[in-house]
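Here's the structure we're looking at; comments come further down.
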Amino acid sequence: MGVDSATHRVASRAGDPLTSALMAPRVRFAPSPTGYLHVGGARTALFNWLFARRHGGVFVLRIEDTDVERSSAEMVDGILAGLRWLGLNWDEGPQVGGPFGPYFQSERLDRHQAMAARLVAGGSAYYCYCTPDELKGKREAAGGTSIYDRTCLRLTTDEMARRERDRMPRAMRFKVPSGEVRFDDLVHGSIEVDAVTIEDFVIVRSDGHPTYQLSVVSDDVEMKITHVVRGDDHISNTPKQILLYRALGAPIPQFAHVPLILGPDKKRLSKRHGATSVMEYAQQGYLPEAMVNFLALLGWSPGSGNQELFTRDELARVFALEGISGGNAVFGPEKLDWFNQQYIMRLASDELAKRIQPSFEAAGLWDVSLLGDRRRWFFSVLDLLKPRAKRIGDFAAQARYFLTDRIEYDHAAVEKHVRAAGMGQHLLALDAAFGELSAFDAASLEAALRAVADLRGIKAAALIHATRVAVTGTSVSPGLFEVLVLVGCDRVHARLQAALRLIAPAPG
RNA sequence: GUCCCCAUCGUCCAGAGGCCCAGGACGUGGCCCUUUCAAGGCCAAAACACGGGUUCGAAUCCCGUUGGGGACGCCA
């Protein structure tokens, strides 16, 4: 049945020059390695990845490293690391190769130049001998911005010959034809621009290197990209690029321009707003699945339903470019925190253990037995801590008193709860009662504690608080009885005794 | 300045002419649970920027205003 309808669709569209829409889509993420992978780029990459996965297409990673001054291998590694952390695997690109390589733009210069040659040969481009200084002067004279006045397009053959003879440096400009340029953006709908507002942009610099406009189009054409999903800031470049596609006689891909991510002050997200690199979030203890979920819902919606939690695979099943909203989105860290907490709570203990291990090691709390002999016990500790953790790093701090007997007392808490009138005697009685217990489980412990409190005429809450401080050193912890069970009979006894010594009057 | 994009609760979204005196989530406030902190449950406050049209009827369509954002490089 699926085969029939598919063949039918293909057949009915046969002869349509835009058959690319029916082929498996090919999308690309093309970062320029002049910085780390920031959240905006990560979201664009995610949308591309999701779209490719949704339609059984190909996700290409291409590094646009032609700005030699600002690009570095270190940045490339950082971007790859960020994508891997998010789980956005690429089908073609650095380290995996592919049939349309190379995937570093700097290695494709000859192709760009060949394309430029085609453009001049076809009369779509011309040489320009104006110097940057001259252009700057004209621009300033015009008060800020102006469109190139086509001085060099009007050069006579003699004038041109003279410049060539003098070996004047020359750039290549695209000859923008007049008329309207219109395209259907998948998120914005129809966008139309009058070509008179577009200047004859440079496509090859005087040093022979292609500019961005030429190289993206050249690479996208040769890599057979069918859908260009990129930031909103490229929307004004799109008409220029469409003109290039036309001049080249190449099929024009579909465009989807995704709105920018703003900081809380509604300004373009930048370092001022705090962490912008995805790896910074990794270091701060955010889970990649939380980041993916958060980023996916930032500016995109599946349309109906009230679901908020989506796994990467669920997203890949329902993602559609049409669900991207047209307006900019503010990056709200509170919601990221919520997602993170939700994912931490749902993480299986063995998986969680892997992720917290580095921070435990750093805190000197790790021991191989936690995944060996003490595995079950350790996982129970994690289960208690899970709903109380916002970041991965929270576990080390909160698990301290389970893993070490060097208790750090919160002095204010000791004063308030343990050094209360008569509390020493109460705790002594409690310790004795615990010692009588045949089963050291939560229910028995609670019954025993309440009985002691009752007998001594104090509130159970007061005894609970004092015991918590005595055993954990702090006034905040998971439910006391669960904590006591996991700390264990012997250590609870030892800590009660230690607490009594702590509040005992100095010998003398 | 020119061109382009955008405009629903504080924030992220739903809403594609009557289902909307606008729905969900985060955050905020309150209550419940309770032994502290979380988690969880319940409740609440909270928005269609403004002005004109079109229509029997507009958050939804059109125009304008205002506001925000982006682009105007021999950067990508």
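All heavy atoms count here, side chains included; hydrogens, waters and symmetry mates do not. In what follows, every chain begins at residue 1, and chains take the letters A, B, ... in the order their sequences are listed.
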Report summary line: Comparing E199(A) with N306(A), nearest RNA chain B nucleotide closer to 5' gives the residue N306(A)

Query - Toward the 5' end of RNA chain B, by each residue's nearest nucleotide, A329(A) or P169(A) - result: A329(A)

Query raised in the report: Considering only the C1' atoms, how many Å lie between rU55(B) and rG69(B), rounded to the nearest integer?
Result: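 Those two atoms are separated by 33 Å.
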
Query raised in the report: Expressed in whole Å, how much space separates the C1' atoms belonging to rA59(B) and rA49(B)?
Result: 12 Å

Report task. Tell me whether the OP1 or OP2 atom of rU35(B) has a side-chain N or O from R450(A) closer than 4.0 Å. Result ->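 Yes, R450(A) has a side-chain N/O under 4.0 Å of OP1/OP2 on rU35(B).
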
Query - Check: F51(A) ring centroid to H227(A) ring centroid under 6.0 Å - result: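 Yes, ring centres under 6.0 Å apart.
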
Query raised in the report: Are F29(A) and W90(A) near enough that their ring centres are under 6.0 Å apart?
Result: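 No; W90(A) has its ring centre 6.0 Å or more from that of F29(A).
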
**Report entry** N/O donor-acceptor pair under 3.5 Å between D410(A) side chain and G473(A) backbone
**Finding:**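 Side chain of D410(A) to backbone of G473(A): no pair is present.
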
Nearest whole angstrom, please: distance from the [atom2] of [N] to the [atom1] of [X].
X	N	atom1	atom2	result
N340(A)	rG27(B)	CG	P	13 Å
L295(A)	rU11(B)	CG	P	19 Å
L463(A)	rU34(B)	CG	P	19 Å
L260(A)	rG70(B)	CG	P	7 Å
D200(A)	rC72(B)	CG	C1'	15 Å
Y148(A)	rU2(B)	OH	P	25 Å

Requested in this report: Apply ring-ring contact (aromatic ring centres under 6.0 Å, His included) to F201(A) and list each qualifying residue two or more places apart in sequence or on a separate chain.
Outcome: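 Checked F201(A) against ring-ring contact (aromatic ring centres under 6.0 Å, His included); matches are F174(A).
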
Requested in this report: Go through the structure and list residues passing ring-ring contact (aromatic ring centres under 6.0 Å, His included) with H188(A), not counting sequence neighbours.
Outcome: none

Report task. Sugar-phosphate atoms are those with a prime plus P, OP1 and OP2; base atoms are the rest. Using that split, label each nucleotide of nucleotides 37-45 of chain B B, S or - for protein heavy atoms under 4.0 Å, 5' to 3'. Result -> BBSS-----

Quick one: label [X] by what it contacts on the DNA or RNA (base, sugar-phosphate, nothing), any heavy atom closer than 4.0 Å.
X	value
T211(A)	sugar-phosphate
D207(A)	nothing
S215(A)	nothing
H234(A)	base
K386(A)	nothing
E334(A)	sugar-phosphate
F201(A)	nothing

Report task. Determine, for E199(A) against R139(A), whether the closest basic-nitrogen to carboxylate-oxygen distance falls under 4.0 angstrom. Result -> no

Report task. Answer yes when D233(A) and R268(A) have at least one side-chain N-carboxylate O distance shorter than 4.0 Å, and no when they do not. Result ->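 Yes, D233(A) and R268(A) are salt-bridged.
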
Report task. Would you kindly check whether a donor in the side chain of S325(A) faces an acceptor in the base of rC13(B), or vice versa, at under 3.5 angstrom? Result ->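 Per atom types, no contact qualifies.
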
Report task. Examine the side chains of Y126(A) and D200(A) and answer whether a donor and an acceptor come within less than 3.5 Å of each other. Result -> yes

